[in-house]
Amino acid sequence: MNEQKTAVMIDSGCDLPESVRKELDIRILPLRVIYPEKDYRDGVDIDPMMVYRRFPDEFPSTSTPSLAEVQDVFDALRAEGFEHILAICISSGLSGTFNTVRLAASDEENEDLDIFAFDTKNISVAAGLFAIWAAKKLQAGMPFEEIREGLQKKIGDSRVYFYMDTLKYLQRGGRIGRVTSVVGEMLKLKPIISCDETGTYYTAAKIRGARFGKLRLLEEALKFGLGHKTWIIVGEGDAHEEAQEMVRMLKEHDHNAQILFEEQITATMAINTGPGLVGIAMLRDPE
């Protein structure tokens, strides 16, 4: 336990791999993947490849953790001796998890815990970058209050850009936001998608065909990171070779970037995006 007795907790939609969570002592609150035979805990007893294998015949649904499940995590952290919790969640504009965590945090049962529920206004590894930042600041001795304030200030320095083979999974899951789907499918236009200031999806750019996807994705990332040192995570949805190519291009063109890792997105994210996703998550000036 760190001297501040502060725990960093994420929901599984923040997409951090187990190796990173163990290294930085980041705790996880699993989202739910619902198939007819049972409910699975995201990142615990289901992996994204299972979801891809069952497409296109089966489309599972997802759900946020219950208040009781959130409370169980808080209770476990209390039992370990933690007094402060940084609860980092994917965007409230795309999931109800943040609101559930915030509601649990305000319960009188948790009056002895100082819990900060943080709405990243972002998704997947772009949300996970905040947890990495917070955990590293904890390791460096930064107090809980300063980290809480710092997280709020870093929202504008966080960005994600991604594209995928088809928008039908995003549309089916109701996560389409301000992204136009029907016209794009008809014209074979593929949007580069990002999250706006409210934490909902919008079209950052349009490309015609996947052949130009990586170049436009790189262009958007370079534009956002221009003049800044950045942390970068490359996320992929059953598109490992494409993601590896993106890593190579980033290393070639952005010498101020530190690429933390390349990772397959988690099951709940895979459900709402389908196969063929490549994305770049960025956090500017992390030091």
Side-chain angles (χ1 to χ4, degrees), residues 7-18 20-22 26-77 85-107 109-110 115 117-128 130-131 164 168-177 195 199-201 235 237-238 263-275 277 279:
V8 178
M9 183 195 87
I10 59 170
D11 68 60
S12 62
C14 292
D15 255 345
L16 295 184
E18 184 179 6
V20 173
R21 300 198 312 269
K22 284 186 174 180
I26 296 171
R27 310 306 175 89
I28 190 167
L29 173 68
L31 280 67
R32 294 279 175 169
V33 176
I34 305 167
Y35 277 102
E37 73 275 10
K38 65 175 289 186
D39 289 7
Y40 294 89
R41 293 169 296 167
D42 188 25
V44 177
D45 49 16
I46 187 171
D47 65 68
M49 299 314 296
M50 173 181 168
V51 173
Y52 293 128
R53 286 193 299 269
R54 295 175 72 161
F55 282 153
D57 298 322
E58 295 180 84
F59 290 87
S61 58
T62 61
S63 71
T64 61
S66 67
L67 280 169
E69 289 170 324
V70 177
Q71 187 61 52
D72 285 345
V73 176
F74 290 167
D75 288 343
L77 293 173
I85 301 174
L86 297 161
I88 296 172
C89 303
I90 56 175
S91 172
S92 62
L94 297 168
S95 167
T97 307
F98 167 73
N99 288 324
T100 303
V101 170
R102 182 175 59 177
L103 185 59
S106 65
D107 191 281
E109 186 176 347
N110 296 311
I115 303 171
F118 178 55
D119 183 356
T120 62
K121 305 292 185 183
N122 226 313
I123 194 72
S124 188
V125 283
F130 287 104
M164 61 200 77
K168 68 180 181 181
Y169 298 92
L170 202 64
Q171 186 179 34
R172 184 183 181 95
R175 305 299 200 277
I176 202 70
C195 290
T200 56
Y201 291 142
D238 198 21
E263 181 70 9
Q264 163 67 54
I265 60 174
T266 194
T268 49
M269 299 294 103
I271 290 164
N272 291 309
T273 55
L277 175 141

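When reading the values below, keep in mind they use all heavy atoms of this one structure, side chains included, and skip hydrogens, waters and symmetry mates.
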Quiz prompt | Check against side chain to side chain contact (heavy atoms under 4.5 Å, CB included), F74 and I85 | solution = CA-CA 8 Å; F74 290 167; I85 301 174; 3.7 Å; yes
Quiz prompt | Side-chain heavy atoms of I26 within contact of I10, under 4.5 Å | solution = yes
Quiz prompt | L29 side chain reached by S12 side chain, heavy atoms, under 4.5 Å | solution = no
Practice problem: Would you confirm whether N99, through its side chain, and R102, through its main-chain N or O, come within 3.5 Å as a donor-acceptor pair? | Solution: no
Quiz item: Got E263 and V20 here, is their nearest side-chain heavy-atom distance under 4.5 Å?
Solution: no
Exercise. State the CE-CG distance between M164 and L170, to the nearest 0.5 angstrom.
Key: 5.0 Å
Quiz item: Rounded to the nearest 0.5 Å, what separation is found between the CG atom of D45 and the NZ atom of K38?
Solution: 4.5 Å
Self-check item: Validation row: I265, P48 side chains within 4.5 angstrom (heavy atoms)
Solution: no
Practice problem: Indicate the ring-plane relationship of F130 and F118, choosing parallel, tilted or perpendicular according to the 30° and 60° boundaries. | Solution: perpendicular
Self-check item: Any donor-acceptor N/O pair, N110 side chain to A104 backbone, under 3.5 Å
Solution: yes
Quiz item: How far does CG of D11 sit from OG1 of T64, to the nearest 0.5 angstrom?
Solution: 9.5 Å
Self-check item: Inter-residue atom distance Q71.CD - L103.CG, 0.5 Å rounding
Solution: 10.5 Å
Self-check item: Separation of I271 CD1 from S61 OG (nearest 0.5 Å)
Solution: 7.5 Å
Practice problem: State whether a side-chain donor-acceptor pair under 3.5 Å links D119 with S92. | Solution: yes
Quiz item: Do you know the tightest heavy-atom contact between I90 and S124?
Solution: CG2-N, 4.0 Å
Quiz item: Rounded to the nearest 0.5 Å, what separation is found between the CD1 atom of I46 and the CZ atom of R41?
Solution: 11.5 Å
Exercise. Show your working on side chain to side chain contact (heavy atoms under 4.5 Å, CB included) between M269 and L277 and close with a plain yes or no.
Key: CA-CA 10 Å; M269 299 294 103; L277 175 141; over 6 Å; no
Quiz item: Parallel, tilted or perpendicular: which describes the rings of Y35 and Y40, with under 30° parallel and over 60° perpendicular?
Solution: perpendicular
Exercise. May I ask you to decide if C89's main-chain N or O and T120's side chain share a donor-acceptor pair within less than 3.5 Å?
Key: yes
Practice problem: Grab the two heavy atoms, one from T62 and one from I34, that are nearest each other, plus how far apart they are. | Solution: C-CD1, 4.4 Å
Exercise. Work out which heavy atom in L94 is nearest to a heavy atom in C195; give both atom names and the distance.
Key: CD1-SG, 4.1 Å
Exercise. Locate the shortest heavy-atom distance separating T100 from V70; write the atom from each residue and the value.
Key: CG2-CG2, 4.0 Å
Quiz item: Which pairs count as salt bridge (charged side-chain N to carboxylate O under 4.0 Å, His left out) when at least one residue sits in residues 58-71, sequence neighbours excluded?
Solution: R32-E69, R54-E58
Exercise. Indicate the atoms forming the closest heavy-atom contact of L31 with G13, along with that distance.
Key: CD1-N, 3.7 Å
Quiz prompt | Residue pair S91, T200: steps toward the side chain to side chain contact (heavy atoms under 4.5 Å, CB included) verdict | solution = CA-CA 8 Å; S91 172; T200 56; 5.6 Å; no
Exercise. Search all heavy atoms of P60 against all heavy atoms of V33 and return the closest pair with its distance.
Key: CB-CG1, 4.0 Å
Exercise. Ignoring hydrogens and angles, tell me if any N or O in the side chain of D42 forms a donor-acceptor pair with the backbone of T266 under 3.5 Å.
Key: no
